[in-house]
Number of protein chains: 2
Amino acid sequence: MPLNDQLPALNREFIAHFGEMGSRWGINRTVGQIYALLFLSPKPLCADEIAESLEFSRSNVSMGLKELQAWRLVRLRHVPGDRREYFGAPDDVWEIFRVLAEERRRREVEPTLTMLRSALQETPATDDERHAQERMRQMHEFISRLMTWFDEVQKLSPETAVQLMSMGSMVTRVLEVKDRLTGRNTKKQSSTP
Amino acid sequence: MPLNDQLPALNREFIAHFGEMGSRWGINRTVGQIYALLFLSPKPLCADEIAESLEFSRSNVSMGLKELQAWRLVRLRHVPGDRREYFGAPDDVWEIFRVLAEERRRREVEPTLTMLRSALQETPATDDERHAQERMRQMHEFISRLMTWFDEVQKLSPETAVQLMSMGSMVTRVLEVKDRLTGRNTKKQSSTP
DNA sequence: GTGATAGTTCAGTAATTACTGAAAAGTAAG
DNA sequence: CTTACTTTTCAGTAATTACTGAACTATCAC
């Protein structure tokens with residue numbers, strides 16, 4: 001993986017890491033590296049610059065950028081008097097996270113919810129089917145709940161989200177007090193059967 | 001993908017879906033299907049039963065189960081008077097989510113944090129490196145914050161987490177009021193440059 | 001011990017996914 | 001319309017990942 005020498009060592013390390021991690025996410029090495037390069041770059045880059053920096057073929061860069069655009073992770077820019085297309089990653093990391101979460105949800109969660117909803121319409125014939133459907137109901141309910149909550153958080157501005165996150169422990173403590181009064185157990189259950 | 005006929009139609013659909021989705025997650029089709037089968041099953045299954053139901057080779061099932069165990073998504077069980085190993089998926093969907101999140105964090109987030117921490121140690125030489133390092137700092141801070149918050153939530157019992165999630169909108173509203181008083185903007189910024 | 005059953009490993013192969021170069025399509029300027 | 005430049009597409013190929021069957025190890029019953 002011979003990253004261009006003119007890239008600073010710092011950048012090369014970061015880009016290489018994103019390449020390796022890329023495969024653990026749904027994206028491939030190439031796409032991960034292109035994104036990393038754009039994320040670090042102080043200015044938008046055009047496809048040729050990317051191809052040269054990362055030593056990929058021009059067509060590979062084209063396909064990678066197409067995928068990153070489909071993920072809405074890069075933004076197309078234009079430089080006046082230059083007809084090439086330039087690409088940049090958004091600056092705000094919260095915004096990046098939001099988009100990523102939204103996109104993953106659309107691709108990975110929604111299809112499952114759809115499948116589950118349709119399965120829950122069916123009338124189970126056997127005991128096994130009844131059990132299976134009950135499991136699906138549990139899964140559907142859990143995911144729906146999670147998504148509703150996520151919708152709420154996603155609407156927030158970065159600063160508010162940060163506030164909300166740092167309130168986490170506070171809210172927990174409030175619930176603990178409430179539960180102690182009502183006799184419920186907030187802490188993770190210990191294994192005392 | 002000829003799932004065994006003796007599986008109820010409902011189950012077959014669910015299992016097939018998990019197989020297809022599996023590749024979008026980091027797991028492969030086989031592993032996804034084995035998990036789906038176990039998730040729906042009212043009782044733990046042994047490797048042979050799995051192999052027969054899904055029509056995989058015995059060795060494929062063995063490898064799949066090994067991976068699911070590495071993900072801590074299935075639990076090994078023993079039936080008295082039977083020396084075969086049986087496998088089951090935990091019942092509680094919140095518990096499943098918790099484990100999944102923990103494991104993904106360990107595999108996908110921690111290595112990145114480590115890389116970022118080490119990059120932040122370096123002294124940038126050029127302006128570009130200085131900029132790159134600042135971007136990495138932003139990313140590191142964001143992820144750290146997210147993980148701290150996640151730690152908090154992960155410690156909660158299922159019921160408490162549900163409570164916390166359904167409090168989402170309430171907390172948001174409180175913050176909105178607070179921000180209105182302090183003159184800050186809680187709502188997602190509209191694109192008015 | 002031997003035989004029978006259960007589980008694992010691994011080399012070889014099948015299937016899938018990633019990448020390239022060449023050709024095509026698109027686009028602005030003259 | 002033509003030229004020069006830019007991006008996209010795609011068939012072929014390389015690289016990676018998934019899967020199988022056969023051989024091997026382990027464990028239990030006898």
Side-chain angles (χ1 to χ4, degrees), chain A residues 1-3 15-16 18-38 44-71 74-88 107, chain B residues 1-3 15-16 18-38 44-71 74-88 107:
Chain A
M1 203 185 316
L3 295 176
I15 292 167
F18 262 60
E20 286 150 26
M21 279 318 191
S23 20
R24 300 207 183 177
W25 281 78
I27 65 176
N28 67 33
R29 192 156 40 80
T30 315
V31 173
Q33 291 184 208
I34 295 175
Y35 183 73
L37 180 71
L38 291 175
L45 301 174
C46 73
D48 286 309
E49 289 169 326
I50 296 169
E52 198 199 352
S53 286
L54 302 177
E55 313 193 39
F56 296 156
S57 73
R58 184 63 187 69
S59 55
N60 200 4
V61 171
S62 178
M63 292 195 298
L65 286 170
K66 216 172 101 183
E67 189 166 346
L68 284 171
Q69 283 178 284
W71 277 91
V74 298
R75 203 162 292 166
L76 183 57
R77 293 288 170 71
H78 278 103
V79 172
D82 187 335
R83 102 187 143 74
R84 282 173 300 183
E85 293 177 328
Y86 285 79
F87 297 88
R107 293 162 189 239
Chain B
M1 204 184 315
L3 296 176
I15 291 167
F18 262 60
E20 286 150 26
M21 279 317 192
S23 19
R24 300 207 183 176
W25 281 78
I27 64 176
N28 67 32
R29 192 156 41 82
T30 315
V31 174
Q33 291 184 208
I34 295 175
Y35 183 73
L37 180 72
L38 292 175
L45 301 175
C46 72
D48 286 309
E49 289 168 326
I50 297 169
E52 197 199 352
S53 286
L54 302 177
E55 312 193 40
F56 297 155
S57 73
R58 185 65 187 68
S59 54
N60 200 4
V61 171
S62 178
M63 292 193 298
L65 285 170
K66 219 172 99 183
E67 189 168 346
L68 284 172
Q69 281 177 285
W71 276 91
V74 298
R75 204 162 294 165
L76 183 57
R77 292 289 170 71
H78 277 103
V79 172
D82 187 336
R83 83 191 158 79
R84 283 173 299 184
E85 294 176 328
Y86 286 79
F87 296 87
R107 293 162 189 239

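In this text the structure is predicted, and so the values were computed from the model without any measurement. The sequence lines fix the lettering, A, B, ..., with proteins before strands; numbering per chain opens at 1.
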*Give a yes or no on whether the backbone of B:Arg107 and the side-chain of A:Arg24 come within a donor-acceptor separation of less than 3.5 Å.*
yes
*Taking B:Leu54 as the fixed residue, which of B:Asn60, B:Thr30, B:Ile15 is the one that meets the side-chain contact (heavy atoms from CB on, under 4.5 Å) rule?*
B:Ile15
*In Å and rounded to the nearest 0.5 Å, what is the CD1 to OH distance from A:Ile27 to A:Tyr35?*
9.5 Å
*Distance, rounded to the nearest Å, where B:Ile50 contributes CD1 and D:dC19 contributes P*: 15 Å
_B:Arg58 vs D:dG21: side-chain N/O to OP1/OP2 distance below 4.0 Å_ = no
*Does A:Lys66 put a side-chain nitrogen or oxygen below 4.0 Å from OP1 or OP2 of D:dT9?*
yes
*From B:Gln33 CD over to B:Phe18 CZ, what is the distance, rounded to the nearest 0.5 angstrom?*
11.0 Å
*asked:* As an exercise, state the distance from CD of A:Glu55 to CD1 of A:Ile50, rounded to the nearest 0.5 Å.
replied: 14.0 Å
*In whole angstroms, how far is the C1' atom of C:dA29 from the CG atom of A:Asp82?*
14 Å
*For A:Ile34 and C:dA18, what is the distance between atoms CD1 and C1' respectively, to the nearest whole Å?*
12 Å
*Rounded off to whole Å, could you give me the OH-to-C1' distance for the A:Tyr86 and D:dC5 pair?*
13 Å
*For B:Ser59 and C:dC10, is the shortest distance between a side-chain N/O and OP1 or OP2 below 4.0 Å?*
no
*asked:* Rounded to whole Å, how long is the line connecting atom CZ of B:Arg84 with atom C1' of D:dA26?
replied: 17 Å
*Report yes if at least one side-chain N or O of A:Asn28 is closer than 4.0 Å to OP1 or OP2 of D:dT16; otherwise report no.*
no
*Start at the 5' end of DNA chain C and walk down; is the nucleotide closest to A:Gly26 or to A:Arg83 reached first?*
A:Gly26
*Over how many whole Å does the gap from B:Asn60 atom CG to C:dT13 atom P extend?*
18 Å
*Hey, is the side chain of B:Ser62 poking within less than 4.0 Å of OP1 or OP2 on C:dT8, counting only N and O atoms?*
yes
*asked:* Does a side-chain N or O of B:Arg29 approach OP1 or OP2 of D:dC19 to a distance below 4.0 Å, or not?
replied: yes
*asked:* Between P on D:dT7 and CZ on A:Arg77, what's the gap in Å once rounded to a whole number?
replied: 16 Å
